[in-house]
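Order of the sequence lines fixes the chain letters, A, B, ..., with proteins taken first and strands second; residue numbering starts at 1 for each chain.
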There are 2 protein chains.
Amino acid sequence: MTADAKAVAMTASPPLTERQEARRRRILHASAQLASRGGFDAVQMREVAEAAGVALGTLYRYFPSKVHLLVATMQDQLQHMHTTLRKRPPAGEDPAARVAETLMRAFRALQREPHLADAMVRALTFADRSVSPEVDTVSRLTTAIILDAMGLEAPPTAEQLSAVRVIEHTWHSALITWLSGRASIAQVKIDIETVCRLITLTAPGAGPGSPDSA
Amino acid sequence: MTADAKAVAMTASPPLTERQEARRRRILHASAQLASRGGFDAVQMREVAEAAGVALGTLYRYFPSKVHLLVATMQDQLQHMHTTLRKRPPAGEDPAARVAETLMRAFRALQREPHLADAMVRALTFADRSVSPEVDTVSRLTTAIILDAMGLEAPPTAEQLSAVRVIEHTWHSALITWLSGRASIAQVKIDIETVCRLITLTAPGAGPGSPDSA
DNA sequence: ATCAAGTCTGAAACTTGTTCTACATTATGC
DNA sequence: GCATAATGTAGAACAAGTTTCAGACTTGAT
């Protein structure tokens with residue numbers, strides 16, 4: 001856990017004092033709270049500032065835009081989820097099943113706070129270049145979760161990393177279609193299971209020319 | 001072409017007069033123009049209205065929000081692209097190669113107007129429930145383009161449709177990562193080629209339990 | 001303890017999406 | 001043609017993200 005905390009702090013170049021760290025935490029908490037209530041629109045910068053007991057200007061010093069704030073909130077939540085997921089590793093036989101199980105577990109967690117999920121995912125996909133570093137961090141966290149779920153013995157091959165990238169794409173996009181009411185939960189499940197087949201396809205020994213060489 | 005035009009008009013319940021159709025077209029043109037200049041942020045409703053020679057209130061009568069406007073712009077552009085792509089069908093041997101080729105061709109077209117692509121894609125993923133019907137139309141258009149590229153003889157199976165859904169997810173998400181500068185064009189190409197393998201995997205006769213039955 | 005630099009506060013100002021209002025223009029049914 | 005409803009115009013007003021600024025508070029070095 002301490003290692004995780006350090007990993008978060010790592011992104012901020014100058015070390016924060018205790019009071020600053022506390023402010024930052026209050027802000028993120030207020031952000032998640034408001035997001036849980038009413039999603040992206042309910043996270044209003046003035047309200048976040050007031051709820052966190054901080055001046056508006058200070059909020060903007062810590063997070064230079066609403067999108068930055070929500071992406072940071074997502075980082076925070078993902079960190080939680082990663083440690084939670086690690087406690088009970090997926091039980092599937094093959095990597096594909098384990099990844100699908102893990103993602104569906106994460107999905108069910110998001111379902112419990114759909115408004116929060118909405119705020120975070122919308123911010124993530126709406127982010128422009130100025131938020132790239134932060135979005136990249138979220139992406140790396142997601143990759144780590146998927147690779148963890150695969151439970152590989154050897155380091156992943158280039159092909160497997162490509163598959164993971166595509167799985168991440170699908171995960172984000174499927175989440176969006178669900179959040180905007182254009183896909184059912186069952187549909188998301190199918191999409192995830194479909195894309196997870198790529199893992200089996202790219203397993204070492206299942207090369208493109210010889211899928212039957214095992 | 002006339003059939004396509006009718007397909008567009010189909011979404012608007014009351015038939016528009018000629019002058020109204022002209023206004024709508026001027027608005028969409030102004031939108032695309034401004035988007036091409038500076039992306040999502042450059043499409044400012046006041047400027048669109050002025051460039052289209054229309055009052056702000058009128059703009060909002062035609063398109064109830066900026067996102068609606070940009071999604072409609074995307075519909076328009078996709079329509080163009082679909083007819084363009086149809087003129088020279090992809091030459092690949094198998095469906096997977098044809099789809100990958102088609103999507104990369106579309107991608108290169110978007111590259112020529114990256115700001116426009118930015119505006120449209122950001123609007124698409126930022127759209128909330130109130131824009132679902134319009135976003136759905138865009139999704140159906142994309143599906144049609146992919147199915148077209150596959151060049152199937154028989155109607156697609158449920159599995160193939162799932163694969164197409166995942167391809168669409170990947171397409172949108174990969175586009176976003178490219179637009180926000182977090183992935184190179186080469187990376188997008190790899191992702192698309194990776195996901196297109198799902199097509200081969202789900203071809204009739206390549207069932208899940210017997211990939212080596214050919 | 002004190003000074004300087006950096007940080008935080010409170011509040012106003014600015015920007016841009018969206019809504020509203022009062023009036024002019026157009027279209028439609030008789 | 002004319003009444004009337006729908007549509008369009010100009011512009012003010014409102015909402016929320018963002019910026020700015022003057023002054024108060026912390027902090028760290030001397």
Find the distance A:R61:CZ to C:dA5:C1' and express it as a whole number of Å. 12 Å
Interatomic distance, A:Q20 CD vs D:dC25 P [rounded to whole Å]: 18 Å
Would you kindly give the CG-to-P distance between A:L59 and D:dG17, to the nearest whole Å? 10 Å
Taking atom C1' of C:dT26 as reference, at what distance in whole Å does atom CZ of B:R23 sit? 9 Å
For the residue pair A:F126 and B:F126, does the interplanar ring angle fall in the parallel (under 30°), tilted (30 to 60°) or perpendicular (over 60°) class? parallel
For A:Q44 and C:dT18, what is the distance between atoms CD and P respectively, to the nearest whole Å? 14 Å
Tell me what A:Y62 touches on the nucleic acid: a base, only sugar-phosphate, or nothing, going by heavy atoms under 4.0 Å. sugar-phosphate
Any donor-acceptor N or O pair under 3.5 Å, side chains B:R182, B:S180: yes
Pick one: which of B:V195, B:L103, B:V99 meets side chain to side chain contact (heavy atoms under 4.5 Å, CB included) with B:W171? B:L103
Measure from CG on A:L56 to P on C:dT15 and round the result to the nearest Å. 17 Å
Within the 4.0 Å heavy-atom criterion, would you say B:V48 contacts the bases, only the backbone, or no part of the nucleic acid? nothing
Once you round it to whole Å, what is the distance between C1' of D:dC21 and OH of A:Y60? 17 Å
Regarding C:dG17, can its base be found pairing with the side chain of B:R46 as donor and acceptor, where the two atoms are less than 3.5 Å apart? yes
What is the distance from CZ of B:R19 to C1' of D:dA6, rounded to the nearest Å? 14 Å
Does A:K189 reach the main-chain N or O of A:M104 with its side chain, forming a donor-acceptor pair under 3.5 Å? no
Check every strand shown and say whether A:T17 touches a base, only sugar-phosphate, or nothing at a heavy-atom separation below 4.0 Å. nothing
From C-beta outward on B:T58, which listed nucleotide comes closest to its side chain: C:dT16, D:dT9, C:dT18? D:dT9
